[in-house]
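Note that these values count all heavy atoms, side chains included, but never hydrogens, waters or copies made by symmetry. Quick caveat: nothing in here was measured; it's all calculated off a predicted structure.
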Amino acid sequence: MEKSFIVKHLLKTNLRIEKQKNWSVKPIGTDSSEMYVLGTNKQCEVESLSLEEQHSGYVNDLSSCNNNNEIQLPNDCANFAKYWLFHPNQPKIGVPFAYKKTYFRFDGGNRKWVSFRSMDKSLFCCICLCYGDGSGPFSKGFIDWKHVHTRINEHENSKTHRLNVDAHVMKKQFSSIDSLLTYGHSSIRKKEIENRRQVLFRIIDIIKLIGKRGLSYRGKTYEAIYTLDNPALDHGNFLEMILLVGKYDPVLKAHLDKAIKNSTKSHDSGSKQGGGHISFLPKTTVNYIIEIISEIIKSSISEEIIKAGMYSVQLDTTQDVSVIDQCSVIIRYVNGTSVKERLVGMIKCKSSKGIAFVDLVLKVFHNLNIKANNCVGNATNGAANMQGQYNGFSAKLSDVAAKQIHVWCYAHVLNLVIGDITLKVLQSITLFGILNGCAVFIRESHTRMDVWTTMNSRKRVCTIGETRWWSKDASLTKIFGNFNNPESGLFVDLILTLSEIETNSSIKSEARFKASGLKAGLCKYEIILTAQMYLKIFEKTTPLSKYLQGKEINIMTAYQMVTQTLQDLKKCTREFSRTKDAADKFVQHTNKMFQKMKNNVIEIANSLPQSRKKKKTKQFHDYEADDDPITYPLHSYEVNVYNQVLDTVIESISSRFEKHGQLCADFACLDSNNFKPDVTLPKNALIGVFDKICNYCPGIMYEDFRNEYLDFISKWKEIKKSIDCVYTELQDYDENIDECSNDVELLVSCSHNPSTNAKYCVVCCFDVLVKYNLYTNAYPSLFVAYKLLLTLSVTQVGCERSFSKLKYIKNYLRNTLGQDILESFMLMNVEKDLLSTIDSNDVINKLAARNKAITNSTREHLGVEKRKKLKNWFNNVCKEAVDKRNELRKKVLQNPSTSDTDRYEAQRKITNKIIREKCIYEKQPYDNEIEEIDYDTVETEIEKPTQNEIDAVIDGLKNNKASSDDGVVAELLKRGGLLP
């Protein structure tokens, strides 16, 4: 409640008491800032009296009141103080109600406003009796004992009662209107509300910390509040953190002590309730808070997507530890000048059909309140249900977003390429089989692992996993080092480990035999040669794979890197001699290290074994040509292994990445490194891009888009300059401006794509358009083209990253985690930046409106008002009918004439009929919608009278007339309480 409104109410209350109860208002002081105090015709000095003097005077003057317990109003300032010495009167014997529930609240607080009069056995509100207007059951005497507790709660929460309480507190604390306007006020209830809000702030911060770290928050047992005083029990992460913070935080400690005390008392009495104390610690409330945090994160993402105007979606599925198919949905969009990839859902899949995934994604779009036709692309894996021509996910999604672009995840495609070449020939299968076999063989026994750690205590051998795209390269590099650089490998340590296991008689014979076979396989020259060949291939493909697994990559740069990788591999197709030289260098380095060791007989083969020439049966057909077999082993390896593997990788990359060649060629025109104003732009350039952006640029023709592009690239040289560049050119213009421009240009470097050596990229161009506001009028369609380029998803590795979080959050110890809570924890753990920006006040306000049960408690303890929400069927017709009815109702209350009453009754029937028919038409139950609307009462609509208006009304009263029920005649009011 606003301070000014309380002051006006106090002034109005004091004026009424002075006029009716022989009080007067007297100015004190002569300066301009006169202060008005309550007093009689004599100066009121009651504030200077001691408590003993006030009490003795009160006993002498109100002896009759002590005998019959009558409720008496103060008729002067002295009796005003005595009035509050007597009240509240709360006897415990001879009362027709349960005094504990009446005099005390459920939290133990005393209702000091309740006063009982034993003469007629009625209850009064001593505050409303003193400050109110005399209306209301507790001002006239309440005697409905059947509903006494319900009516007491209603009166205590009423607006009138709170207004009078605030007026009483201000009257007790301050003596002048100036101090009321200068200083604020606080009540006990507000302090309690603030204290509880502080407790919730701590609880919310702890929940956010648990979600950020991906920790479990509940234990299996000992979650009851009465068990928290036992430190030997495990209460789960959440309650344990609450107890830990409570040791050093007095606010939380006081709250815990009170909650434990009430819960223990309730538990000892056999009750299943929590003792009537709102602790905010049960799992239901915690789950509400977790879900609310998830809703706020989704709301923030939704606002950013709507502001962006276009987005692309990434989709992938996996099975969790409970064998439930989980679908990860990630949306990519441009926020400002940065690209965002946000997780918006972790949803349980019930079907693997393409149409089922479309329905799932559309439901996510609907929950986020974003338009499906603004989806410009999707990135999925290569499964048939995703990219099927007729019933695949991409085909069905095109029915909703016609011009969306489907991209087969580049990272998945590259992984398939690596899989193709490592399974193509027997030599590669043998190589990676031996590497994986060595890792598994050593790690499956602690005895063998001890032998390995003795040889090398700092590094571990790694297995080859099909789901880890870098595992083959990592396993090969760790053992053999880099291409043509064997010093960094662990090959010697691995051979010595296998040799030690082979010769150790204390180890089982099966293990010794397996170690001998693995060692013999590693010592073959063919394995060394194959390893060097794949090291050379991985040297080209691994940087591309790491780039594709990064964040915020764009389709044009990815396609350029794929093209460059393909060109580098083509250069290696007929360079077998380099691979052989690297293998020979590896063998020489390894044998040299073995020779330095004592009593060592290990030696690596330095050549391929000579194969025996197979005799061919002579054929009796002279016309058949003789095909001479390749007898030289090294040449045979080059033809049958090396060339076949290199040709396979080149053909696989070319065929799998060629789908978006034309579109990427158009996007390449937007790269600043390709800006060449002097070169004529082909006629069909940028047509593919224009076809995708025409819906976002209504009225823009292809020629307009082309002219914007040509104008932009012609001015790029000047637009891209920094402040340093401009000033340096001005200083050195007369000497050599061209030299200066080239030198200063070196100061500018692209930070968006450090994997390339280019000074500028497409993100730099987009930054320039946004930074200088060139997209508003100058280049609107070009701006949309750059935005489309940055919005398109080229991979869906964000889904793979979310699956890593999923395995961490939902593990075998938390395999019963509910789907809604799982999604909330995923959002908190993945979107940490949004989690850190959540305001705890927003969480509390949403918690208060969560459901009906908790709303009543939070409104009482947190002071949050319920938000009125209309039903969906309550349209403007219903609202107009209700407004007409309310207007007539106000007139009836102000002037209850027959005509107004008849019009009100007629309009009320019409309003009810309209609402009833609307409910039936919409097939929804009629649940008294009118009660959900927040009406303004008549008291708030009528303006409060001014002092001049009150004086005019009093002066207009007729003399020599009978008084009303209060016994006050007009002459008494006109003379300010003094009769002649």
Side-chain angles (χ1 to χ4, degrees), residues 211 288 290-317 326-336 338-350 355-380 393-394 396-406 551-552 695-696 787-788 790-793 796 798-799 801-802 805-806 818-839 842-843 845-846 849-850 869 872:
Y288 283 154
I290 293 172
E291 293 175 3
I292 288 170
I293 292 175
S294 173
E295 292 175 0
I296 295 176
I297 293 176
K298 288 184 178 180
S299 178
S300 301
I301 297 175
S302 175
E303 292 176 359
E304 293 180 352
I305 295 174
I306 294 173
K307 184 178 179 181
M310 63 174 65
Y311 60 90
S312 62
V313 62
Q314 303 173 18
L315 200 71
D316 201 3
T317 61
Q326 300 284 356
C327 178
S328 175
V329 182
I330 290 179
I331 291 182
R332 177 186 172 111
Y333 57 94
V334 177
N335 183 27
S338 61
V339 179
K340 301 293 184 182
E341 292 181 356
R342 301 288 192 186
L343 174 68
V344 295
M346 183 65 66
I347 306 169
K348 178 181 177 181
C349 294
K350 297 181 180 179
I355 186 64
F357 282 109
V358 172
D359 294 338
L360 183 147
V361 170
L362 292 180
K363 184 177 180 181
V364 172
F365 293 166
H366 176 73
N367 294 336
L368 293 175
N369 196 26
I370 58 178
K371 297 180 180 179
N373 55 4
N374 287 338
C375 179
V376 297
N378 71 87
T380 63
F393 166 77
S394 178
K396 294 296 182 180
L397 186 61
S398 297
D399 297 338
V400 182
K403 295 188 177 182
Q404 62 93 22
I405 303 171
H406 172 68
K551 298 180 180 180
E552 302 180 6
N695 292 337
Y696 297 93
K787 198 170 191 178
L788 174 66
L790 298 178
T791 303
L792 284 176
S793 297
Q796 42 99 319
C799 299
R801 284 190 289 267
S802 67
K805 301 290 185 181
L806 175 64
Q819 191 67 32
D820 294 337
I821 301 298
L822 172 62
E823 184 181 70
S824 300
F825 273 105
M826 287 291 298
L827 288 172
M828 286 191 285
N829 189 257
V830 174
E831 307 299 340
K832 296 183 177 67
D833 56 335
L834 296 179
L835 178 66
S836 61
T837 61
I838 292 178
D839 188 1
D842 296 338
V843 179
N845 293 335
K846 288 182 177 292
R850 188 63 183 180
K869 185 177 181 181
N872 294 330

Begin with the C-alpha distance, continue with both residues' side-chain angles, and end with the deciding distance and a verdict on side-chain contact (heavy atoms from CB on, under 4.5 Å) for I330 and Q796.
CA-CA 8 Å; I330 290 179; Q796 42 99 319; over 6 Å; no
side-chain contact (heavy atoms from CB on, under 4.5 Å) evaluation trace for L827 with L343:
CA-CA 7 Å; L827 288 172; L343 174 68; 4.2 Å; yes
Evaluate V361 against N378 for side-chain contact (heavy atoms from CB on, under 4.5 Å), listing each step before the verdict.
CA-CA 11 Å; V361 170; N378 71 87; over 6 Å; no
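Closest approach of G309 and Y696 over heavy atoms only: O-CE2, 3.8 Å. In this structure, S398 and Q404 approach most closely via the heavy-atom pair OG-NE2, 2.8 Å. The minimum heavy-atom distance between N695 and K403, with the atom names listed, is ND2-CD, 3.7 Å. Across S312 and S793, no two heavy atoms sit closer than the pair OG-OG, 2.7 Å. The shortest heavy-atom contact between Y311 and T791 is CA-CG2, 3.5 Å. Minimum interatomic distance between L792 and R332 (heavy atoms only, all atoms of both residues): O-NE, 3.3 Å.
In this structure, OG on S294 lies 9.0 Å from CD1 on I838, to the nearest 0.5 angstrom. Distance check, rounded to the nearest 0.5 Å: CD of E341 to OG of S802 gives 11.0 Å. Separating the OG atom in S836 from the CD atom in E831 is a distance of 11.0 Å, to the nearest 0.5 Å. Once rounded to the nearest 0.5 Å, the distance linking CE of M828 with CD of E823 reads 11.0 Å.
Contact of the L368 side chain with the I331 side chain is registered, since non-hydrogen atoms from C-beta on lie closer than 4.5 Å. Side-chain contact between L360 and V329 is present, with at least one heavy-atom pair separated by less than 4.5 Å. Counting heavy atoms from C-beta outward, F357 and T380 have side chains that stay 4.5 Å or more apart. Using a 4.5 Å heavy-atom cutoff, the side chains of L835 and N829 are not in contact. I301 is not listed as a side-chain neighbour of K298, based on a closest heavy-atom distance of 4.5 Å or more. At a threshold of 4.5 Å between non-hydrogen side-chain atoms, the residues I293 and S824 do not count as touching. Inter-residue side-chain proximity for N373 and V400 is flagged as unmet; no heavy-atom pair is nearer than 4.5 Å. Taking 4.5 Å as the limit, some side-chain heavy atom of I821 sits within range of a side-chain heavy atom of E291.
Within 6.0 Å of NZ on K371 lie no more than 12 heavy atoms contributed by other residues, nucleotides or ligands. Residue-environment remark: CG (N369) stays at or below the threshold of 12 foreign heavy atoms within 6.0 Å. Residue-environment remark: NZ (K832) exceeds the threshold of 12 foreign heavy atoms within 6.0 Å.
Formation of a donor-acceptor pair under 3.5 Å by the Q819 side chain with backbone atoms of M346 is found in this model. Within the 3.5 Å criterion, the main-chain N or O of S328 finds no donor-acceptor partner in the side chain of Q314. Of the possible polar contacts, none joining the S299 side chain to the I296 backbone as a donor-acceptor pair under 3.5 Å is found.
For the side chain to side chain contact (heavy atoms under 4.5 Å, CB included) test with V364, the passing option among I347, I370, D359 is I347; the others fail.
The pair D833-R342 counts as a salt bridge, with a side-chain nitrogen and a carboxylate oxygen less than 4.0 angstrom apart.
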